[in-house]
Trainee: 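The structure under discussion is supplied below as structure tokens; questions concerning it will follow.
In each ligand, atom 1 is the first atom listed, and ligand 1 is the first ligand listed.
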Amino acid sequence: MATPFWNKEIETAERSRLEQLQRERLRTTIGWALRTPFYRKKLAQVGIKAPDDIRSLEDLQRIPYTTKDDLRLSFPRGLLAVEMKEVLRVHSSSGTTGIPTVIYFARDDVDNWTDLLARSIVATGATDSDIFQNMMTYGMFTGGLGLHYGAERVGMTVIPIGGGNTKRQIQTMKDFQTTVVHITPSYLLHIHSRLGEDGIERRDLALRKAFIGAEPHSENTRRKLQDLLGIDAYNSYGLSELNGPGVAFECVCKKDMHVWEDAYIAEIIDPKTGEVLQDGAQGELVLTNLVRRATPILRYRTRDLAFLHPEGCDCGRTHRRLSRILGRTDDMLIINGVNVFPSQIEEKIMKIPEVATNYQIHVDKKGSLDRLTVKVEIYPKLFLGEVARLEALKHRIVEELRASIVITPGVELHEPGALPVFEGKAKRVVDERPKD
Ligand code: DLL
């Protein structure tokens, strides 16, 4: 399929050239990693004391995995490989508990990441003539600023509107004749359901493409979006720990996402044994940074389940394709693109003295958006008091939760005994979102 390239030489490089690049960059990355207290210790345990201790790509397998807990325990500077003065920007993961996972970017890191995003955007056929409305949240979340910089580098006209405020989003799409949006798939479905409300119809818009990501979605959801809106929708995958978006992105062929292998080494492992699996086999995705100096991360266990396609792609890019994310190995929930761990919710509500011992986390869909409701049992005497006090308590719980998980949940107060009791392992999460 005829397709434009941002950096044709790299994107279509022979496998041997890519691997040579990976080898060189891995060694450089080891050098950076050895500047951090965390990796100095971790690598010393397996006898890696200098970049030259890594000779081949197979040697990567000597390096122990890095986990989210490692990052949390290294907070705030255990993984910082440069002087703070050199750090240009800080991002963190949206699913943070008390201790965030923080990623530092030096100037060249921002530059390299921006380039990966420019490359991703161009791979979808978008150009500098496009008008790009970035509906992802700005701030510490990487979805906003990441694509913003990439789109500017391509030369698109960028509308940095950020997330939420559906009316304004639709009005803006009309006013500026937006052609490309960056958005979570659930929010795009929601936007579609609100078209027509203020007299703005699909025909008033110039939309032709959407970059959808930050949350799991099926091929059926993509098709539905494409059919409802008459657009092309491209899957985009990434995670804050490895920069954010721009780890893997679909090209014009829309047959899963190219992992940019000059910037990342992707491995699929058996999540139980840690054994590295062959292309085509499903397992947990493990990623290594190759071009990030300020916070180099080696063999990061993403907890995302996927597989790598063994065969090439019609677009001519040689970088292997990552399947859609098929699930998670942990209990992380993704609510409208925001990562939430049940433990974050428990930690907050159990601190509130009025809350009794049982609670349930309920997730369903209202229209096309995810809805989170936290049901808590409270002590019976509270129900004897004024309604206003109950309302105030509910409000307090909502506020406590919002401060921790970034989204606003619904909260229901129940009398003790109202929620299901489990004799064995408690089933705290009821996820009723349809699996299509
Ligand atoms: O969600 C980065 C991002 C922003 C990606 C915008 C794409 C677009 P985190 O908040 O750290 O970073 O969440 C990362 O979200 O480990 C996956 O579980 C999930 N995720 C991200 N993209 C996809 C996708 C951003 N396309 C976590 N499909 C990851 C399925 C996704 N899950």
Trainee: How far apart are the closest heavy atoms of K348 and S404, and which atoms are they?
Mentor: CE-CB, 3.5 Å
Trainee: Can you confirm whether more than 12 heavy atoms, excluding those of R433, are under 6.0 Å from its CZ atom?
Mentor: yes
Trainee: Please classify the N339 to ligand 1 contact at 4.0 Å (heavy-atom distances, strictly less than): side chain, backbone, both or neither.
Mentor: side chain
Trainee: Write out all pairs satisfying side-chain hydrogen bond (donor to acceptor under 3.5 Å, both in side chains) with one or both partners inside residues 154-168, taking only residues at least two apart or from two chains.
Mentor: T166-Y187
Trainee: Hey, which atoms in ligand 1 end up nearer than 4.0 Å to a heavy atom of I334?
Mentor: 15 (O), 18 (O), 19 (C)
Trainee: If you measure only the distance, is there a donor-acceptor pair under 3.5 Å linking the side chains of T66 and Y39?
Mentor: yes
Trainee: Does I325 approach ligand 1 within less than 4.0 angstrom via side chain, backbone, both or neither, non-hydrogen atoms only?
Mentor: side chain
Trainee: Do R72 and F341 meet the cation-pi criteria used here (NZ or CZ under 6.0 Å from the six-membered ring centre, within 45° of the axis)?
Mentor: yes
Trainee: If you measure only the distance, is there a donor-acceptor pair under 3.5 Å linking the side chains of R202 and H192?
Mentor: no
Trainee: Just let me know how V338 lines up against ligand 1, side chain, backbone, both or neither, with a heavy-atom cut-off below 4.0 Å.
Mentor: neither
Trainee: Heavy atom under 4.0 Å from ligand 1: found in F141's side chain, backbone, both, or neither?
Mentor: side chain
Trainee: Does any N or O of ligand 1 fall below 3.5 Å from an N or O anywhere on E215, backbone included?
Mentor: yes
Trainee: Under 4.0 Å from a heavy atom of R328: which atoms of ligand 1 are those, numbered in the order shown and with their elements?
Mentor: 16 (O), 18 (O)
Trainee: Could you tell me whether D304 and ligand 1 have an N or O pair separated by under 3.5 Å?
Mentor: yes
Trainee: From atom 14 (C) of ligand 1, work out which of G238, A214, S240, G213 has a heavy atom at the shortest distance.
Mentor: G238
Trainee: Can you sort out which atoms of ligand 1 are near G143, meaning under 4.0 Å from one of its heavy atoms?
Mentor: 4 (C), 6 (C)
Trainee: Does any N/O atom on H182 come nearer than 3.5 Å to any N/O atom on ligand 1?
Mentor: no
Trainee: Indicate yes or no: does K351 engage E400 in a salt bridge with an N to O separation below 4.0 Å.
Mentor: no
Trainee: Report yes if M136 has an N/O atom closer than 3.5 Å to an N/O atom of ligand 1; otherwise report no.
Mentor: no
Trainee: On a heavy-atom basis, which atom in F211 and which in A126 lie closest, and how many Å separate them?
Mentor: CZ-CB, 4.2 Å
Trainee: Any chance the side chains of N358 and R428 put a donor and an acceptor closer than 3.5 Å?
Mentor: yes
Trainee: Show the atoms of ligand 1 that are less than 4.0 angstrom away from any heavy atom in T142.
Mentor: 2 (C)
